[in-house]
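Shown next, in structure tokens, is the structure this report addresses.
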Number of protein chains: 2
Amino acid sequence: MTAALRLVDAEGLEALTRRRLGEELGRDAMALYRHAPDREALLDGIVELVLEELDAEADEQDWQSQLRRGARSFRRLALAHPNVVPVLVTRPLLMPLGRRPAGTLRPLETLLRLLTASGFDPSTALHCYRLYVGFLYGHVINELQATAVEPDETDDLLRLGLHRLPAREFPLLRSVAGELAGYDGEAELEMGLDVLLSGFEQRLRGGG
Amino acid sequence: MTAALRLVDAEGLEALTRRRLGEELGRDAMALYRHAPDREALLDGIVELVLEELDAEADEQDWQSQLRRGARSFRRLALAHPNVVPVLVTRPLLMPLGRRPAGTLRPLETLLRLLTASGFDPSTALHCYRLYVGFLYGHVINELQATAVEPDETDDLLRLGLHRLPAREFPLLRSVAGELAGYDGEAELEMGLDVLLSGFEQRLRGGG
DNA sequence: GGTGTCCGTCTACGGTGTAGATCTACGTTC
DNA sequence: GAACGTAGATCTACACCGTAGACGGACACC
């Protein structure tokens, strides 16, 4: 399983094939069948493995600090395994909640405990959890977005390939090329957290 | 291309194969090659086609109402084509911005115009755009998440398959089963928009 | 020693994307 | 009207994929 993750990290998702993985392990491709009945199961295993790196243990800090810490940890993990992100983010769509590996459900339980212990009632805690992970998914997708098409080029417009867009139709998009090139994922995560957490707090104080 | 979308809508993503699509069109599988050089290109085409349904034209309303309208439109479109969502959300990760079909870039340009026309400077407009679409991606992933494992069952805990989780380890998750079952995507979208837009407004008033 | 149970291996099948050659039909040009 | 160029459709073939089912060996236990 860790070998599968290594393979995906090194060569991308489409390199994760039974024969290729078997070769990597010095075993026959069919041997893996004993451990993972499906290709789906392989993907699930990888996701679970990656999610174990998530630092979501409760500590002494207030809930806002803990959510921030979790978010940074998630971002770090996504940056460490960019090739896994597509399936990480897509997995919930294909696998019913009740069948998901326990490892992927644990962060949910942990956050529910944190929020309810901090005064949220279970219902809004769930809403906040959803908003929170939805935001994290969205952020990671944004940050890992492929932008450069000609990495060697020095001019931003050319490097991003935006020069091919008709100037008449996309004036603003072309004008923010520099901004796009200088994207700072960490800052953007914090900005999003500011918005989100202040919204949560307002809701906690009885706003909703 | 519209046939490809119809096929994916009806039978899921994995049904989208050259031979299958050719059969659907009464043509040979290889004929499609003239129109789409890649399977990737097919997926891109579908995404572009779906995104054309997005209602993001400028109108007379203030920017907040317009963002709300766009968000509702995006949600509606995702619900109409649930099978497309995985690739819709994942596409930016695999395709550099400069190579994306113009149709998928137009909403970005439109929103940049809306925001800058409303007083945002280009840099924060871009930040807000990213937060906004990130939020939308996250929301539809949440809403389209597969939950039911035993749809016929009437008891929530059993229907979601949560009864198999150890009660010791997942007490809270099990306790919100009813809440999970009664998920209201529209309400959650509006709640998220409340949080997001008030955050944007604060930033517009010079808060950031 | 017998036996059952893992675990790994082999062979085989259907399905997939795609390359390359070939065939077909139609608009253009003489 | 005839010849031709070309775009589009089709055929054949290849490598690769996931997976089913039969087979073989190692090992623990009775």
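The analysis underlying the following values was restricted to heavy atoms, covering all of them including side chains, and did not include hydrogens, waters or symmetry mates. Proteins get letters first, then strands, A, B, ... in listed order; numbering begins at 1 in each.
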Open item on the list: Below 4.0 angstrom, which residues in residues 30-46 of chain A have at least one non-hydrogen atom near DNA chain C?
Closed with: A:Met30, A:Ala31, A:Arg34, A:His35

Task: Heavy-atom donor-acceptor pair, B:Ser175 side chain to B:Leu172 backbone, under 3.5 Å - done: yes

- [ ] With sequence neighbours excluded, tell me which residues meet side-chain contact (heavy atoms from CB on, under 4.5 Å) with A:Ala148.
- [x] A:Arg159

Open item on the list: Under 4.0 Å between a side-chain nitrogen and a carboxylate oxygen: does that hold for B:Glu190 and B:Arg68?
Closed with: yes

Sequence neighbours excluded and cut-off under 3.5 Å, please list the side-chain donor-acceptor pairs for residues 163-171 of chain B, or say none.
residue  : atom : partner  : partner atom : Å
B:Arg164 : NH2  : A:Gly98  : O            : 3.4
B:Glu169 : OE2  : A:Arg106 : NE           : 2.9
B:Glu169 : OE2  : A:Arg106 : NH2          : 3.0

- [ ] In whole angstrom, give the distance that lies between atom CZ of B:Arg27 and atom P of C:dT24.
- [x] 16 Å

TODO: Look at A:Arg19 together with A:Asp28 and state whether they make a salt bridge at an N to O cut-off of under 4.0 Å.
DONE: no

TODO: Search all heavy atoms of A:Val149 against all heavy atoms of B:Pro96 and return the closest pair with its distance.
DONE: CB-CB, 4.2 Å

Open item on the list: Taking salt bridge (Lys or Arg N to Asp or Glu O under 4.0 Å) as the cut-off, I'd like each qualifying pair that reaches into residues 89-104 of chain A, sequence neighbours left out, listed once.
Closed with: A:Glu40-A:Arg91, A:Asp44-A:Arg91

Task: Nucleic acid contacts - residues 86-94 of chain A versus DNA chain C, non-hydrogen atoms under 4.0 Å - done: none

Open item on the list: What I want to find out is whether A:Glu11 reaches A:Arg20 closely enough, with some N-O distance under 4.0 Å, to be called a salt bridge.
Closed with: yes

Task: Main-chain N/O of A:Leu97 paired to B:Gln145 side chain as donor or acceptor, under 3.5 Å - done: no

Open item on the list: Just the rounded figure in Å: distance from P of D:dG8 to CG of B:Leu25.
Closed with: 15 Å

- [ ] Name every residue in residues 1-24 of chain B that has at least one heavy atom under 4.0 Å from any atom of DNA chain D, in order of residue number, or write none if there are no such residues.
- [x] none

Task: Side chain proximity check, B:Leu180 to B:Leu173, heavy atoms < 4.5 angstrom - done: yes

